[in-house]
Q: 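Sharing a structure with you now.
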Amino acid sequence: MRRHQKLTNILVRSTGGLLLLMLSVTAAASNGFINPAGPIAEALRDHLIFIVVVMAVVIVPLFIALPWTLWRYRLRTKSGSYQPNWEFSWPLEILIWGLPAVIVVILGWNLWHQSYELDPYKPLAATEAPLEIQAIALDWKWVFIYPEQNIASVNEVMIVAGRPVHFSLTSGTVMQSFMIPRLGGQIYTMAGMVTQMNLLASEPGQFRGLNTQYNGMGFANQKFMANAVSQTDFDAWATKMSDSKPPLNSAAWALLAKPSVLPAPQSFGSVAEGLFTGVIAGFTGGHPHMKADGTDL
Amino acid sequence: MGTLTPQDISFVQTFENPVMSEFIDGAAGSVLVLGIIIVTVLLTYYRGWKTLWFDWLTSVDHKKVGIMYIVVSFVMLARAIIEGVLMRYQQSIAVNDPGVLTPDHFGQLFSTHGSIMIFFMAMPFITGMINYVMPQQLGARDVSFPLLNAISLWLTAAGAALVMISLVVGKFSTGGWTAYPPYTGIEFSPGEGVDYWIWSISLTSIGSTLTGVNFATTIYKNRAPGMTLFRMPLFCWTSLCTSVLMIFAMAPLTIATLMLALDRYAGFHFFTNDLGGNMMNYANLFWLFGHPEVYILILPAFGVFSEVISTFSGKTIYGYKSLVVATMSIAVLSFTVWLHHFFTMGQGANVNAIFGIATMLIGVPTGVKVYDWLLTMVRGRIRLTTAMLFSIMFLITFVIGGLTGVILANPPVDFAVHNSLFLVAHFHNMVIPGVLFGMIAGYQFWFPKAFGFRLSERWGKASFWCWSIGFYLTFMPLYALGLMGAMRRTVEWFRPEYLGWLQVAFIGALLLFSGFIFLCVQLVSSVRHRDQRRVPAGDPWDGRSLEWSNSAPPPEYNFAVIPKVSGQDAFTRLKEQGQAYVSPATYEDIVVPKNSMVAPVIGVGAIGLGFALVWHIWWLVAVSFVIIWSAVIARSFVTETERVIPASTVRADHEAWLAQVRECATTPREQEDTSTNVGRAEVLA
């Protein structure tokens, strides 16, 4: 008897604990997509909650039925009817195949649409043209080039709040994965190839970004800050950069390309012509797998 | 020798650079060396070498091979679980602090932890379990190719030995268990680490391919008369699916590791950044193996749960055909979903959506299975033994893992939680309850069959509570951390809000470790009190399939007379019809395979070959290669590979056992865990 009570107890506690946990996560997560700072991350979070709710339809019955079954059909009291050869029932069979199938149809339908809707390559609907940024993954740092402003920053990226930003990404070293959790999902960066990511920060603020794909000793330190500011502040910052910062020339690049963890973000007032395409061509011998804007050749 | 220098020995490193991380490494190496010395001394003291060699190492008996697989698995589990605890400790103290481990040491730890748990803990465990149980359930005397079976074991053991050697000599890879290039290419990971990974994995993957062929053939060809496919116990069905998956899925892994080796050793450019290499091909090859691998591991555990739940509910399995169809569907679908491991690689939304939906489809047969197990308990008489408790905890925990699996199957959400601790929590949530709990349940269930005495239920339950509570404490916080943006494989954190969660996870890891310790205590305690726990009649749980119809431990040839099968739950039928323990009319000579030293020779050669390749010791490569193939060629000239056990011996042994059984009192299920249970079950009514 005590054994059964113990088991029921642990069941109640574990499910209750899980719910509590999920609630407290929502409150405490200052740093993940669960605390969104832009429409993409918000859509991801809502999609997640939708799946959990739909899945509850098949999961909750088990959490109720299992303890009940263990209690009712326990050996000692011989309370439930004993039918050792009972092995099949059509109504139950249709239910246990049918219900999961219906759920998968619902979730599958939703998945299909959401995959297109939230495709990181899909340009975001907005009145303004997106801010173009080229990102290059190095060991263990991120280089951001602003082709329209002809400036660059390392381990820090400046974006405009309320205006979409379009990242073109590649790697100057091993494969890495680019992510700013509070703004949206992630995408791999690979040498000789270009991937893309469209993001939007709704309000001004500071959001942590990082590489999520293990790439060696400095991996844990490969973080950067994404600063979302107003268009006026962005323009002022870009002008100040052009006026006062050193150029990102081949000497500066050679230094960056060496594996290292930088003590502080760096800024460059101008960028050598064709740096981004040059990094890609360096791996492909001038025959890239894709065009620099990410479209197939 | 080759690239090997004295500085590569871990003790020398500890001496030259006495920091905490090196001390831990040196201590681990010392434990290994000390362990080997103690075992050697004990074997010599108790004059055990002869027994070890003739009764075990050269044996090709599927039961002994199975037990040896499980011994390998336990040894490797001990190491990998300690590594897990160590990583949890490092992360729980490394918030704005470097902690005790260097990034390099931490990288080796998550790589060995993952590689060992998958390839050298879970794989040997399921292979050993199938080896021990499946032929007996089929009413067979052995697997189809007994020597090949031993060779598979020795190839797996050789791989495991290489991983162990890397603890003392040199370093292991830091590329994780997936070893993605270009990071694991020679340009970014020079040195011996990745080579250790490549050769240990290559050896074991070849072993597993051979195992798959062997098991599938056994199930197709070695069934007792009347044992049609649709009368097989579910464990045999899941073994069949696993074997087919092994045959098809191990090949891409072997190819991928060998291509990576060509890149590293011979300057090829399969997966390099430049000169036409493309790492995306590696990702595809690896996961073409990697996803079916998940089902290779979990299907046998599903089989164990089916047997355990049916037996301890005293009831036939609910929805047998439904479960078979579900198992087969899972096996087929497992080949159609590999891309979900890299939704974030930049392919289009349509490709992602198709693989996402295929992934969710697997949820349907899996959900059916969960409800079939539940309905198996309905209208039964449930006994909460240790094996049953593990199975119930599996059901509860596994559906939570299924939920997070469906979440991850959605490409948009995967973009947000890929590479995060949410993912780490998810796959531990599938593999610990799904595979490990299944294997522990199977170990508790079949141990009395293999060794003739029951394991202590008290220690078993202590272990169960540690594993269960430990699991929730360790991995629920990781889900939360993943949603909070914490990534896997991170040696140091910079977010103070992670601290509390990581500390809870560390406490959970300690509980998991206690669960393992209690399993060891259970074994020692049960061995010491084995005389009160003996079950010579062989059927301690009122078992339903044929393996329970012979003695515990069973004779070398399993069945004195091959049984005739007339339906599902073959042994239950015999008991109900009063046909169990009946003396057969006639006995015949039994042919069994002779012992062979070919397998251990190949195993030692394989260790030599792997070690020599890792350290570029080319003469040893040549010597090992010659040893391996000489053994194979020499074997082809051996004509006397079998010996005959005369009918009279079989008769004498079997009749003696039957006489003993008839004297045994039957045990009602209420007294299952008392010394009155000598292995003869009272038929439940």
Q: What part of B:Phe106 lies closer than 4.5 angstrom to a heavy atom of chain A: side chain, backbone, both or neither?
A: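 For B:Phe106, no heavy atom lies under 4.5 Å from chain A.
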
Q: Do you know which of B:Pro182, B:Gly367, B:Gly175 has the most heavy-atom pairs under 4.5 Å to chain A?
A: B:Pro182

Q: What part of A:Pro259 gets closer than 4.5 Å to chain B, counting heavy atoms only: side chain, backbone, both or neither?
A: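 When you check distances to chain B, no heavy atom of A:Pro259 falls under 4.5 Å.
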
Q: By a 4.5 Å heavy-atom criterion (distance strictly below it), what part of B:Leu375 contacts chain A: side chain, backbone, both, or neither?
A: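 Contact with chain A involves both backbone and side-chain atoms of B:Leu375.
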
Q: Nearest 0.5 angstrom please: A:Ile51 CD1 to B:Asn410 CG, how far?
A: 3.5 Å

Q: Which answer fits B:Tyr180, side chain, backbone, both or neither, if we ask what part of it has an atom under 4.5 Å from a heavy atom of chain A?
A: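 Just the side chain, heavy atoms under 4.5 Å.
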
Q: Does some side-chain heavy atom of B:Thr272 sit less than 4.5 Å from a side-chain heavy atom of A:Phe283?
A: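 Side chain of A:Phe283 against side chain of B:Thr272, heavy atoms only: no contact under 4.5 Å found.
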
Q: Is B:Ile382 close to A:Leu75 at the side-chain level, that is, under 4.5 Å between some pair of heavy atoms?
A: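 They are not in side-chain contact.
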
Q: Which bit of B:Asn350 comes within less than 4.5 Å of chain A, counting heavy atoms only: side chain, backbone, both or neither?
A: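 Contact with chain A: backbone and side chain both.
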
Q: Does any non-hydrogen side-chain atom of B:Met280 lie less than 4.5 Å from one of A:Met193?
A: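 Yes; the side chains approach each other to less than 4.5 Å.
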
Q: Does any heavy atom of chain A fall under 4.5 Å from the side chain of B:Ile357, the backbone, both, or neither of them?
A: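 Both backbone and side chain.
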
Q: Counting heavy-atom pairs under 4.5 Å with chain B, which one of A:Gly216, A:Gly184, A:Pro181 comes out on top?
A: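 Option with the top pair count is A:Gly216.
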
Q: Measuring heavy-atom distances to chain A, does B:Met279 have an atom under 4.5 Å in its side chain, in its backbone, in both, or in neither?
A: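 Looking at B:Met279, just its side chain touches chain A.
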
Q: For the interface with chain B, which of A:Trp68, A:Trp86, A:Tyr116 has the highest count of heavy-atom pairs at distances below 4.5 Å?
A: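 Among A:Trp68, A:Trp86, A:Tyr116, the one with the most close pairs to chain B is A:Trp86.
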
Q: Where does B:Gln568 contact chain A at under 4.5 Å (heavy atoms): side chain, backbone, both or neither?
A: side chain

Q: Within the side chain of B:Lys315, is there an N or O that forms a donor-acceptor pair under 3.5 Å with the backbone of A:Gln83?
A: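 Here the side-chain-to-backbone pair does not exist.
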
Q: Among B:Gly380, B:Ser468, B:Gly107, which residue has the highest count of heavy-atom pairs closer than 4.5 Å to chain A?
A: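 Max contact count across the listed options: B:Gly380.
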
Q: Between A:Leu210 and B:Met487, is there a side-chain heavy-atom distance shorter than 4.5 Å?
A: yes

Q: Drop me the distance from A:Glu87's CD to B:Tyr320's OH, to the nearest 0.5 angstrom.
A: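 Result: 10.5 Å between the selected atoms.
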
Q: Who wins among A:Lys122, A:His113, A:Gln186, A:His47 for the most heavy-atom pairs under 4.5 Å with chain B?
A: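 The residue among A:Lys122, A:His113, A:Gln186, A:His47 with the greatest pair count is A:Gln186.
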
Q: Checking side-chain polar atoms at under 3.5 Å, does A:Trp97 have a donor or acceptor matched by the opposite partner on B:Ser322?
A: yes

Q: Does the A:Tyr82 side chain pair with the main chain of B:Gly314, one donor and one acceptor, at a distance under 3.5 Å?
A: yes

Q: Is B:Met377 close to A:Tyr73 at the side-chain level, that is, under 4.5 Å between some pair of heavy atoms?
A: no

Q: Considering residues, nucleotides and ligands other than A:Glu117, do more than 12 of their heavy atoms fall under 6.0 Å from its CD?
A: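 No, the 6.0 Å shell around CD holds no more than 12 heavy atoms from other groups.
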
Q: For residues A:Pro84 and B:Thr316, determine if any side-chain heavy atom of one lies less than 4.5 Å from a side-chain heavy atom of the other.
A: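 With C-beta onward as the side chain, the pair stays apart.
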
Q: Heavy-atom pairs under 4.5 Å with chain A: which of B:Leu361, B:Val378, B:Ile407, B:Asp274 has the most?
A: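 So the answer, after comparing B:Leu361, B:Val378, B:Ile407, B:Asp274, is B:Val378.
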
Q: Tell me if a side-chain donor or acceptor on B:Tyr371 pairs with a main-chain N or O of A:Val58 at a distance below 3.5 Å.
A: yes

Q: Measuring from atom CZ of A:Phe63 to atom CG of B:Leu395, what distance do you get when rounded to the nearest 0.5 angstrom?
A: 10.0 Å

Q: What part of B:Ala94 is in contact with chain A, defined as an atom under 4.5 angstrom from a non-hydrogen atom: side chain, backbone, both or neither?
A: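 Neither part.
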
Q: Can you tell me how far apart CZ (A:Phe219) and CD (B:Glu492) are? Round to the nearest 0.5 Å.
A: 12.5 Å

Q: Shorter than 4.5 Å, heavy atoms on both sides: which option in B:Ala326, B:Ser420, B:Ala416, B:Gly319 has the most such pairs with chain A?
A: B:Ala416

Q: Among the options A:Gly218, A:Pro61, A:Ala41, A:Ala56, pick out the one with the most heavy-atom pairs lying under 4.5 Å from chain B.
A: A:Pro61

Q: If you count heavy-atom pairs under 4.5 Å between each of B:Val406, B:Leu275, B:Val417, B:Asn352 and chain A, which one has the most?
A: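 Option with the greatest count: B:Val406.
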
Q: What part of A:Ser171 lies closer than 4.5 angstrom to a heavy atom of chain B: side chain, backbone, both or neither?
A: neither

Q: Is chain B contacted by the side chain of A:Ser177, its backbone, both, or neither, given a heavy-atom distance below 4.5 Å?
A: side chain

Q: Below 4.5 Å from any heavy atom of chain A, which atoms of B:Tyr183 appear? Answer side chain, backbone, both or neither.
A: both

Q: A:Met190 versus chain B, heavy atoms under 4.5 Å apart: side chain, backbone, both or neither?
A: side chain

Q: Please determine, among B:Tyr498, B:Phe343, B:Trp493, the option with the most heavy-atom pairs under 4.5 Å with chain A.
A: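 Of B:Tyr498, B:Phe343, B:Trp493, B:Tyr498 has the most heavy-atom pairs under 4.5 Å with chain A.
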
Q: Under 4.5 Å heavy-atom distance to chain B, tell me which part of A:Ile96 shows up: side chain, backbone, both or neither.
A: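 For A:Ile96, backbone and side chain are both near chain B.
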
Q: How far does CE of A:Met175 sit from CZ of B:Phe271, to the nearest 0.5 angstrom?
A: 13.0 Å

Q: If you look at every heavy atom in B:Gly346 and A:Thr195, which pair is closest and at what distance?
A: CA-CG2, 4.3 Å

Q: Identify the two heavy atoms, one from B:Thr490 and one from A:Ala220, that lie closest to each other, and give their separation to 0.1 Å.
A: CG2-CB, 3.9 Å

Q: Which value, rounded to the nearest 0.5 Å, describes the distance between B:Ile392 atom CD1 and A:Leu66 atom CG?
A: 6.5 Å

Q: In terms of heavy-atom pairs under 4.5 Å with chain B, which of A:Glu93, A:Gln114, A:Arg72 leads?
A: A:Glu93

Q: Quick check, are the ring centers of A:Tyr214 and B:Phe110 under 6.0 angstrom apart?
A: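 When the ring centroids of A:Tyr214 and B:Phe110 are compared, they turn out to be within the sub-6.0 Å range.
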
Q: For chain B, which candidate among A:Leu48, A:Leu118, A:Asn85, A:Leu62 shows the most heavy-atom pairs at distances under 4.5 Å?
A: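 Result: the option with the highest number of such pairs is A:Leu62.
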
Q: Would the distance check show the side chain of B:Asn273 and the main-chain N or O of A:Thr173 forming a donor-acceptor pair, the cut-off being under 3.5 Å?
A: yes

Q: Using modelled atom types only, decide if a donor and an acceptor are shared between the side chain of A:Asn31 and the backbone of B:Gly485 within a distance under 3.5 Å.
A: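 No; zero donor-acceptor contacts below 3.5 Å.
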
Q: So for A:Ile40, is it side chain, backbone, both, or neither that comes closer than 4.5 Å to the heavy atoms of chain B?
A: neither

